[in-house]
Amino acid sequence: MTRLRTLAWAAVIAAAVGAPEARALTFLQAMTGDEAAPVDARSAAMGRSHGATGFVGVTASINPALLARARVLEITASGNVHRMQETRSIPAYDSFDAYLVESIYALNHMSSSDISFGVAGSPDGDDFGSRVGLGVTHAPIWDFRYDYTEQIRDPNAFTQPRDDLLGLNDIQSDGRIAATSLGAALQVFHWLDLGVALDVARGRQQLLTREWFVQIDSTSVGTAEISELSGTRWTLGAAFHPHPSVSFAAHWRSDLELGGDFRFSDPDGRFAWIGDVTANAAADSGIVEIRYPQELGAGVTFRPRAKVLTTFQADFTWRQWSRYAHSLFEDPLLKDAWDARVGVEHVFYNGVPLRFGFRYAPSPQDDEVTTTAFSFGSGLVRGNTRVDLGFEVANRQYRATDVFDDAAFGGASRPVDYDLVEETATGVFLSVSWATDSLGG
């Protein structure tokens, strides 16, 4: 039996499952993509924090060392639905040049959904001489989704009709980079776990920007299509358990170097809002190279009572965005960025949990652009099966430069960082997990 169990576990590889983050809606992310780090519904309800314990289906892609604490076998399917809204406004004044209100000139709505799968496990230590963890996951890690439409109306109040449509401006970005993550962990001592994971990533992106002059029925279009992107990166993790009530964890994730094919067309400079194109983009097609930055992360979990009814956890992640590079565009001069996530879970005596969380994530593009998110959720356990549900509401507000210059339609060019942008995102996360033993603990 021991031999059969050993052979069976030799075929089980590392696991983590997740749903992507709510998409950021700044124009920066139309180029870099929005992070879609794996996160299950239980983590999402706790501010997307993972602490140093690891939840079912999250461990390998976040910190592979946590695989050593997994159950004998765990399988998780996780998905999410997001609804995003972007509002862009400019100040409105009366005839005496007195400020009245921010006047909305663009209102965009977007929806998205994702599903991921994973399996993780940690067989009995007697089979390997020491406790190990193994598994596999497939989940998106970067997401390109943006749909922007702006109507240009005649600004002359004495023109008839007063709402005469002069033009339409559009930006559309679609695509993703997904990774299959393989991980393994070893319990070196009863208080120390070490792990390693390999991400094999593949993806694509399509980016379109268009300006339609309605009056003369003329359209200016720029397109960039990136396909067959592929690359790998490594994650090293450690988990430290000095006391049953406290756990610490840390991880390092390497740069992700992606290579692929591109087709590019921008005869009228439609991509000026991203930055100057490189000599590489002067060709209609060729090879594209993209580098995503390395990161360092740390987490802590605290359980104040011997009978675990309440859990506090916090995470901190730093990413070296100054190393980001894209061979089609000049260096966007991004700044290194960090984010913080905290969460709490309390399990009532009837076994029903209640979870709350908070997430704070500054943008690498601008110090003034920061996402704040609040989350909550619960779950239900029936023997070996658990269903978790999480909700998140995220918001950020900042000043930005007009992307499409109104001077092209006879209007005035607005000052730098004149427009007010507000972005909101609501997300629903659902995870279903099954394990070989009870998930009630």
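Both backbone and side-chain heavy atoms feed into the values below; hydrogens, waters and symmetry mates do not.
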Trainee: Out of curiosity, Arg355 CZ to Ser378 OG, how far, rounded to the nearest 0.5 Å?
Mentor: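 Output value for this atom pair is 6.0 Å.
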Trainee: Find the distance between CD (Glu423) and CZ (Arg396) and round it off to the nearest 0.5 Å.
Mentor: 4.5 Å
Trainee: Sequence neighbours excluded, which residues qualify as ring pair (Phe, Tyr, Trp, His ring centres under 6.0 Å) partners of Phe262?
Mentor: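 Applying ring pair (Phe, Tyr, Trp, His ring centres under 6.0 Å) to Phe262 gives none.
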Trainee: Taking side chain to side chain contact (heavy atoms under 4.5 Å, CB included) as the test, write out the residues that go with Thr232, two or more places apart.
Mentor: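 Residues passing side chain to side chain contact (heavy atoms under 4.5 Å, CB included) with Thr232: Leu198, Val200.
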Trainee: Is the NZ or CZ atom of Arg414 both under 6.0 Å from the centre of the six-membered ring of Tyr105 and within 45° of that ring's axis?
Mentor: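 Cation-pi check for Arg414 and Tyr105: passes.
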Trainee: Is there a side-chain contact between Ile141 and Leu256 in this structure, where contact means two heavy atoms from C-beta onward sitting under 4.5 Å apart?
Mentor: yes
Trainee: With rounding to the nearest 0.5 angstrom, report the CZ to OG distance, Arg303 to Ser245.
Mentor: 6.5 Å
Trainee: Quick one, Arg145 with Asp143, criterion salt bridge (charged side-chain N to carboxylate O under 4.0 Å, His left out). Give me CA distance, side-chain angles, the key distance, then yes/no.
Mentor: CA-CA 6 Å; Arg145 297 190 189 182; Asp143 217 299; 2.9 Å; yes
Trainee: How far does CD of Glu345 sit from CG of Leu309, to the nearest 0.5 angstrom?
Mentor: 10.0 Å
Trainee: Which residues pass the salt bridge (Lys or Arg N to Asp or Glu O under 4.0 Å) test with Asp266, not counting sequence neighbours?
Mentor: none
Trainee: Can you name the residues that form a ring pair (Phe, Tyr, Trp, His ring centres under 6.0 Å) with Phe356, not counting sequence neighbours?
Mentor: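 Phe356 satisfies ring pair (Phe, Tyr, Trp, His ring centres under 6.0 Å) with no other residue.
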Trainee: Residues two or more places apart in sequence or in another chain: which of them pass ring pair (Phe, Tyr, Trp, His ring centres under 6.0 Å) with Tyr93?
Mentor: none
Trainee: Output all residues satisfying ring pair (Phe, Tyr, Trp, His ring centres under 6.0 Å) with Phe348, sequence neighbours left out; order by chain, then residue number.
Mentor: His346
Trainee: Parallel, tilted or perpendicular, judged at 30° and 60°: which one describes the rings of Phe240 and Phe248?
Mentor: parallel
Trainee: Could you tell me whether Asp402 and Arg88 have a side-chain N and a carboxylate O separated by less than 4.0 Å?
Mentor: no
